[in-house]
Amino acid sequence: DAGVTQSPTHLIKTRGQQVTLRCSPKSGHDTVSWYQQALGQGPQFIFQYYEEEERQRGNFPDRFSGHQFPNYSSELNVNALLLGDSALYLCASRGSGSTDTQYFGPGTRLTVL
Amino acid sequence: EDQVTQSPEALRLQEGESSSLNCSYTVSGLRGLFWYRQDPGKGPEFLFTLYSAGEEKEKERLKATLTKKESFLHITAPKPEDSATYLCAVQAGRSGSRLTFGEGTQLTVNP
């Protein structure tokens, strides 16, 4: 049973560029959430997708946007990159129950120079 | 606003030296409290979910407990492979399924 997968593993961009990160949820899961984890800190919630719509959003600017596809996979897009966007970006998936455990992928390490 | 505070920030133990990690939380209507383990540069690995005060769960050398204000992760006779950062997160009733995380406790177990 494949777990949550993310691509790419690492990414280096320069300020002002745009980036797209990808996530495939665990088999049987239909809800995907994205988190940002700065070095030495806990993950911060960005947003959640269910039924191809953004259902919840954390305190992140509109530069952060996403998409969910019919197969439940998801993309995170970040425009106009800032140095402060350098972080580990984590995708988590769960079933549709309200307290179902969220399972995390390995993350994408984004470095903005 | 939901808040999670973990202590200590870092903990060094000798192999076999038992200890506990603390997670204090302030949340309106707790739906679930989650413990994860995270190795450097990797995604968090699920350990436990606790739903109500008094609940306890165990897995190998780890035992998680929950009260109305805090959770403890007890580590019995730890081994070097238990070295990792342990993250606590809460899910609140009015916040849907989003998780609010603490900063984590970095555990090092020396042989």
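All chains are named by letter (A, B, ...) in the order of the sequence lines, taking the proteins before the strands, and each is independently numbered beginning at 1.
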- [ ] Give the cluster check for A:V19 versus A:V32: same hydrophobic cluster or not, with ILVMFWY residues linked at side-chain heavy-atom distances below 4.5 Å.
- [x]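 Linked within one cluster.
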
Open item on the list: For B:P44 versus A:L90, what's the shortest heavy-atom pair and its separation?
Closed with: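 That closest heavy-atom pairing would be CD-CD1, 3.7 Å.
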
Open item on the list: Restricting to non-hydrogen atoms, name the atom on A:Q102 and the atom on B:S97 that form the minimum distance, rounded to 0.1 Å.
Closed with: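 That closest heavy-atom pairing would be NE2-O, 2.6 Å.
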
Does [atom1] belonging to [X] count more than 12 external heavy atoms closer than 6.0 Å?
X	atom1	answer
A:N59	CG	no
A:L113	CG	yes
B:E81	CD	yes
A:K13	NZ	yes
B:Q106	CD	no
A:R63	CZ	yes

- [ ] Please check if the side chain of A:Q48 supplies one atom and the backbone of B:R98 the other of a donor-acceptor pair under 3.5 Å.
- [x]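 No, the answer is negative, given that no donor and acceptor are paired below the 3.5 Å cut-off.
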
Task: Heavy-atom donor-acceptor pair, A:Y35 side chain to B:L99 backbone, under 3.5 Å - done: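 Present.
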
Open item on the list: If I measure from the heavy atoms of chain B, does A:Q6 come under 4.5 Å with its side chain, its backbone, both, or neither?
Closed with: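 Neither part, no heavy atoms under 4.5 Å.
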
TODO: Using non-hydrogen atoms and a 4.5 Å limit, figure out which bit of B:L87 sits close to chain A: side chain, backbone, both or neither.
DONE: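 Contact with chain A is through the side chain of B:L87 alone.
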
Task: Per-residue contact mode, B:Q38 against chain A (heavy atom under 4.5 angstrom) - done: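 For B:Q38, side-chain heavy atoms alone lie under 4.5 Å from chain A.
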
Task: Top of A:R55, A:Q56, A:Q41 for chain B proximity - count of heavy-atom pairs under 4.5 angstrom - done: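 Most pairs with chain B among the choices: A:Q56.
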
Open item on the list: I need the residue from B:G104, B:G41, B:G43 with the largest number of non-hydrogen atom pairs under 4.5 Å to chain A.
Closed with: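 Sorted descending by pairs with chain A, the first entry is B:G43.
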
